[in-house]
Amino acid sequence: MSPAYRAVKGTRDLLPPESEKYAAVESIARQVFGGYGYGEIRTPILESTELFSRSVGETTDIVHKEMYTFLDRKGRSLTLRPENTAGVVRAALERGIDRMPRPLRLWYAGEQFRYERPQKGRYREFRQIGAEMIGVPGSASDAEVLVMLFDFLQRLGFIDLSVTLNCVPGGAGREAFADALRSHVRPRARRLGEDDRRRVEENPLRLFDSKDPETKAVLEGAPTTVEFLDPEAASHYAEVKEFLRESGIPFTESPALVRGLDYYTVTVFEVVSKSLGAQNAILGGGRYDNLFADLGGPPLPAVGFAIGEDRLVEVLPGDPREPRELWYVLPGSPEDFPYAMAVARALRSGHAGAVVETDLSGRGFAKGFTRASAILAGDADYPFRVSEVRVVSVGSQERAEQTVKIKTLSARREEAVPLAALTRRSRT
Ligand code: AMP
């Protein structure tokens with residue numbers, strides 16, 4: 001029978017064990033980012049539409065055609081957040097950025113929404129894990145953010161990732177670059193699709209976001225961003241590269257990298273995984289020194305990144321879950337359930353971090369052992385990563401004697417232990 005209701009196109013349910021992997025990744029993010037002084041921020045999924053058109057930019061793909069926007073019952077235009085940086089900046093301004101520590105270090109993890117064509121690694125509801133360092137203009141803050149990012153990726157087992165880096169001028173340099181780009185593209189504009197032709201006049205930097213091969217061909221030989229940097233941005237860029245070299249972080253420079261959001265200036269970067277293909281970056285980030293002022297706040301420099309958590313989990317080289325011991329409490333029959341549950345509680349009180357699961361199916365010893373062995377062998381549906389299984393059998397005899405039988409599956413060793421010893425034993 002096919003179900004009457006299905007998840008909306010482009011959205012997915014995460015069930016164990018997949019959901020446990022997401023939780024493990026988020027927990028490692030909390031540890032690593034926390035170790036750099038970042039506290040977590042949680043902002044609403046709903047924001048006013050204008051927040052994104054002002055920050056991400058009216059002519060970007062995200063705002064132009066990918067936002068989930070609707071009117072609420074009072075006719076206000078609201079949007080499901082397509083990214084989290086704008087919400088973080090709004091929240092900081094609303095709370096009173098002047099009273100907050102400087103630099104302000106914040107990280108987040110949460111759902112984002114974009115109306116894109118769903119495919120591998122691209123969803124309409126997806127998750128991002130990001131961090132923002134607010135209030136420091138110097139290149140050391142870009143470098144620290146990238147070093148932290150690499151610490152995180154290394155903790156997850158990635159070894160061969162490389163940063164793609166570029167520097168995009170702000171202010172007058174940006175205008176000059178846009179003009180030079182227009183002059184390069186205009187004579188060839190007939191080759192462009194309708195959307196890209198509109199971009200030439202409105203916001204030519206956005207041409208670099210185009211996936212159209214014809215547009216990519218037109219952009220070959222175009223002026224590059226780095227030719228238009230003022231001396232300050234040029235030395236900032238040189239310093240970031242020097243920091244990265246000193247920190248042993250591999251990078252390549254890419255003159256075509258501008259990132260698909262208008263608020264980025266100066267440093268921009270991406271990390272691409274080979275297995276996802278060049279279109280699918282795992283993460284992106286950069287400086288956004290004008291965003292606070294653009295949203296009505298003081299001129300505060302900032303730098304940050306957003307990792308696509310779904311893509312990250314898809315290409316993880318290893319299992320992010322901490323291995324756990326499983327104590328599989330197995331009653332011989334339903335009459336042993338109360339005793340089995342008392343045994344499980346005693347075990348839990350002394351084995352923090354272990355999974356203590358009572359088999360309440362009533363399947364009995366033989367089938368219960370088969371189930372426990374299947375879990376140790378790596379049952380693909382089991383929520384946890386199991387390092388060892390100890391089957392704790394309790395039948396009428398154990399109940400009468402107030403003992404349990406513990407069998408360590410990988411060692412094939414079984415021993416009888418008094419109930420009273422379970423909590424005590426486990427504390428040692
Ligand atoms: P952006 O906010 O566009 O800079 O994207 C940052 C990261 O979010 C990208 O590198 C992707 O890993 C991820 N991402 C963006 N859009 C999607 C999507 N539709 N589905 C899954 N991940 C996405």
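In listed order, ligands and their atoms are each counted from 1. The analysis underlying the following values was restricted to heavy atoms, covering all of them including side chains, and did not include hydrogens, waters or symmetry mates.
Considering backbone and side-chain atoms together, D310 places no N or O closer than 3.5 Å to any N or O of ligand 1. Taking distance alone, with nitrogen or oxygen atoms compared against 3.5 Å, A306 stays at or beyond that limit from ligand 1. The N/O atoms of E116, backbone and side chain alike, include one that comes under 3.5 Å of an N/O atom in ligand 1. Remark: ligand 1 and Y123 share an N or O pair separated by less than 3.5 Å (distance only, no angle test).
A ring-ring contact (aromatic ring centres under 6.0 Å, His included) check over residues 64-103, counting only residues at least two apart or in different chains, returns the pairs Y68-Y115.
Taking a cutoff of 4.0 Å between a charged side-chain nitrogen and a carboxylate oxygen, R287 and D142 qualify as a salt bridge. Salt-bridge check for R155 with D151: failed, with every basic side-chain N at 4.0 Å or more from each acidic carboxylate O. Look at D61 and K65 and you find a salt bridge, because one of the NZ, NE, NH1 or NH2 atoms lies within 4.0 Å of a carboxylate O, short of that distance. One finds a salt bridge joining K241 and E253 here, because a Lys/Arg side-chain nitrogen approaches an Asp/Glu carboxylate oxygen to under 4.0 Å.
Those atoms of ligand 1 that come under 4.0 Å of a heavy atom in L283, given as number and element, are 10 (O). For ligand 1, the atoms lying closer than 4.0 Å to a non-hydrogen atom of I282 are 10 (O), 12 (O). Of all the atoms in ligand 1, the ones that sit under 4.0 Å from a non-hydrogen atom of R259 are 1 (P), 4 (O).
Shortest contact from atom 12 (O) of ligand 1 to any protein heavy atom: A281 O, 2.8 Å. The protein non-hydrogen atom at the shortest distance from atom 13 (C) of ligand 1 is G308 CA, 3.5 Å. Protein heavy atom in closest approach to atom 21 (C) of ligand 1: G121 O, 3.2 Å. Closest protein heavy atom to atom 5 (O) of ligand 1: Q128 NE2, 3.5 Å. When hydrogens are left out, the protein atom nearest atom 3 (O) of ligand 1 is R114 NH1, 2.9 Å; that is the closest non-hydrogen contact. When hydrogens are left out, the protein atom nearest atom 14 (N) of ligand 1 is F126 CE1, 3.6 Å; that is the closest non-hydrogen contact.
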side-chain contact (heavy atoms from CB on, under 4.5 Å) between V168 and T265, worked out
CA-CA 5 Å; V168 181; T265 57; 5.9 Å; no

Stepwise side-chain contact (heavy atoms from CB on, under 4.5 Å) check, I134 with R105
CA-CA 6 Å; I134 297 161; R105 290 181 167 95; over 6 Å; no

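Put simply, no part of T85 is less than 4.0 Å from ligand 1, judged by heavy atoms. Distances shorter than 4.0 angstrom do not occur between any heavy atom of G260 and any atom of ligand 1.
The shortest distance between side-chain heavy atoms of Q128 and E111 does not fall below 4.5 Å.
F33 and F305 have perpendicular rings, their planes meeting at more than 60° on a 0 to 90° scale where under 30° would count as parallel.
Contacts between L261 and ligand 1, counted as non-hydrogen atom pairs separated by less than 4.0 Å, involve the side chain only.
Applying the salt bridge (Lys or Arg N to Asp or Glu O under 4.0 Å) criterion to R12, with sequence neighbours excluded, gives E18, D310.
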